[in-house]
Amino acid sequence: MDLNDADLAGVATAFPRRQSLWNWFWQFWLLVMGITVFGLGGGAVFSLVRLPQTRDCDRLIQPFASASLRLYCAQVAAGEQTRESLLKAIQLVDDLPKDHPLRAAADRNIQHWAFDLIVLAEGQYNDGDLAAALATLADIPLDRLPCEEDDCPRDELLSWKKTWQDTWDQAEKIYKDTEKALIDQDWDLAAATATQLLSINNHYWQVTKYNELNAQIREVRDTNSYIARAKALAEKGGADNLVKAIALAQKVEPGSRLYTVAQAQVVKFSRQILDEAETVLERDRDLSGALAIVQKIPTVANLQEEVQDFTLLAKSQAKSWSGRIPDLEAAIAQAQTIESDRPLYTQSRRLIQTWQQEIQDVGHLDRGRSLAQNQSIPSLMTAIAEVSLIPQNHPRRNEANDLIAGWNRKIETLEDQPYLDRAIELARGGTVAAYQSAIAEINRIGRGRALYGEAQDQASQWDRDIQRIEDAPYLDEAQEYADVGRYPQAIAVAQRISPGRVLYGEAQDQIADWRLEIQGESNLEQARGLSSSSVNNPESLTAAIRTADRVPTQAPQRAEADEEIERWSTQLLQIALERSGYDLRGAIEVAEQVPPGSIAYEDAQAYIRTWRSQIDL
């Protein structure tokens with residue numbers, strides 16, 4: 001485009017104004033940019049220089065927070081030294097990139113916090129919190145712990161869980177065993193078992209729980225004297241002793257460890273009183289005695305309902321003792337008032353069933369007795385069939401069995417009495433043949449029958465009669481020989497009676513007497529022969545005395561032997577007196593042969609003393 005001078009002049013005039021405006025524009029933006037840069041730089045420097053505040057950690061949003069703020073907040077959290085705070089600290093910085101400038105510092109802190117978790121877990125374990133210790137142990141970052149070739153803690157940490165659990169199980173078993181020994185009142189065993197806790201490698205069990213058990217042992221041992229004395233009384237039996245035992249057991253205070261045991265003993269002793277009452281009722285059939293005993297049960301045993309039920313059932317049982325059907329029916333009606341929610345309901349139903357069965361049994365028994373009155377074999381068999389309808393497990397079955405046994409014996413007696421009567425009649429003949437026929441007849445009564453015993457006694461007597469008839473001639477013949485002094489022949493005949501025969505004993509007595517007579521006669525004859533073999537010979541007289549003294553005391557010749565001994569003793573003393581005139585020592589030797597018990601003995605001893613005194617002079 002072509003410009004004229006005027007246009008050029010206008011442009012030239014306008015240019016300086018545009019240049020000034022342009023300069024001002026650039027200056028403005030340069031100022032704005034400078035302020036912006038300075039502000040951003042200053043803010044950055046300020047953010048790096050100033051310390052973060054705790055409230056910043058509370059508002060921290062991890063993905064957008066700076067690494068330095070996260071590290072700071074992690075250190076603040078770790079300072080609380082709890083499992084949750086230490087894990088939070090690790091979590092805050094664990095995801096920093098490996099090339100981050102603060103990664104090395106984060107790793108050092110994580111390693112330190114891992115060791116803090118180890119210390120915390122050990123502390124929880126020794127303080128008695130196994131669950132917390134195991135939870136802490138499981139959260140330890142094992143891969144952040146240093147692990148050298150000869151020292152790698154992570155291997156040991158991996159075994160801690162099992163070691164701690166095993167130790168805990170062992171300690172708990174010791175504790176429970178000690179508690180059981182306490183409940184069983186075995187103090188020595190409790191103390192010995194508790195001592196095992198001292199070997200447990202854990203402060204909580206070694207100190208806290210061990211001291212706790214020792215305190216319990218002392219307290220329970222002191223308290224137990226009441227229970228021990230109560231048991232000793234209860235073992236003696238009797239309602240009065242049981243009441244005293246309950247009073248002793250009640251002295252155990254509610255706060256005692258043995259309080260539950262004591263209360264259990266109270267209930268046990270009270271039930272024993274109830275058993276005592278039931279025994280008196282059933283064994284002695286003493287209603288008033290049983291009710292007096294049951295009233296001694298204390299209310300603390302909480303057996304009031306049992307006592308009430310027992311009282312009602314006891315009165316019902318007393319009604320049933322007569323065995324009459326109206327009384328049994330009255331007992332049933334009374335027992336039926338016990339409802340199903342009562343403690344002795346089951347027992348009442350059992351008694352009711354028993355009494356109902358007894359009513360049926362009484363009917364069978366009454367009809368059976370009525371049938372048996374005729375005492376004939378058919379009527380007795382019908383009676384047996386009637387009472388046999390009573391089942392074996394029914395209360396009146398024993399009574400039925402007694403009746404059946406009696407009626408069976410009566411039937412057997414009626415059947416077998418004719419055999420016995422005929423046998424007795426046959427035996428009246430009094431001969432061997434008669435007795436043998438009687439025995440054959442009576443043996444038709446079989447073993448186990450009602451008359452079997454009587455039949456066997458009769459048969460035995462007749463058998464003895466037969467033996468007496470058969471053997472009496474031998475004894476008579478032997479006595480005839482003995483009467484004329486032919487004792488060897490008498491003995492030979494008497495020995496024909498065999499052992500076991502009815503006259504065997506009598507024959508042996510006679511044989512013994514005859515042998516004594518033979519021996520006495522032989523000894524006396526021998527003694528006389530010795531005395532006459534050499535007159536006035538002391539040796540012969542002494543031998544004769546000894547031989548005569550062998551005559552048995554029971555022998556008829558004993559009196560005669562004693563007379564001869566006296567005579568020969570006197571001769572010995574006379575010989576000694578004759579010798580004393582010339583031989584005192586010889587006289588003493590002869591006088592010493594005079595036997596004690598003889599008439600001459602005392603004189604002989606007096607002469608001996610005199611002659612010895614003369615020798616000593």
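Just the heavy atoms: all of them, side chains too, but no hydrogens, waters or symmetry mates, feed the values below.
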### Task
Could you tell me whether R449 and D416 make a salt bridge, using a distance below 4.0 angstrom between a side-chain N and a carboxylate O?
yes
### Message
Measuring from atom NZ of K162 to atom CG of D169, what distance do you get when rounded to the nearest 0.5 angstrom?
### Response
9.5 Å
### Message
One thing to verify: whether D275 and R271 come together as a salt bridge, which I'm taking to mean a side-chain N less than 4.0 angstrom from a carboxylate O.
### Response
no
#### Entry: Side-chain heavy-atom pair E358, H394 within 4.5 angstrom cut-off
no
### Summary
In terms of heavy-atom contacts, Y504 and S498 come closest through CD1-O, 3.2 Å
### Task
Taking only Lys NZ, Arg NE, NH1 and NH2, and the carboxylate oxygens of Asp or Glu, determine whether D366 and R369 approach each other closer than 4.0 Å.
yes
### Query
Should D177 and K180 count as an ion pair when the cut-off is N to O under 4.0 Å?
no
### Task
Keeping the roles fixed (side chain from T195, backbone from A191), state whether a donor-acceptor pair exists under 3.5 Å.
yes
### Query
For the side chain of R397 and the backbone of I390, is there at least one donor-acceptor N/O pair under 3.5 Å apart?
yes
### Task
To the nearest 0.5 angstrom, please state how far the CG atom of N241 sits from the CG atom of L233.
5.5 Å
### Query
Taking NZ, NE, NH1 and NH2 as the nitrogens, is one of them in K209 or E212 under 4.0 Å from a carboxylate oxygen of the other?
yes
### salt_bridge(E282, R285) N-O dist < 4.0 Å
no
### Query
Does the distance from a Lys or Arg side-chain N to an Asp or Glu carboxylate O, for E412 and R409, drop under 4.0 Å?
no
## Note on the structure
I442 and A459 have their tightest heavy-atom pair at CG2-CB, 3.9 Å
#### Entry: Main-chain N/O of I200 paired with Q206 side-chain donor or acceptor, under 3.5 Å
yes
### Query
Does the gap between the ring centers of Y125 and W205 come in under 6.0 Å?
no
### Task
Give a yes or no on whether a salt bridge exists between K296 and D240, defined as a side-chain N under 4.0 angstrom from a carboxylate O.
yes
### Task
Check S316 against W355 and note the closest heavy-atom contact, atom names and distance.
CB-CH2, 3.6 Å
### Message
For the backbone of Y204 and the side chain of N202, can you confirm whether one donor and one acceptor N or O come within less than 3.5 Å of each other?
### Response
yes
### Message
Under a 4.0 Å threshold between the charged nitrogen and the carboxylate oxygen, would E306 count as salt-bridged to R342?
### Response
no
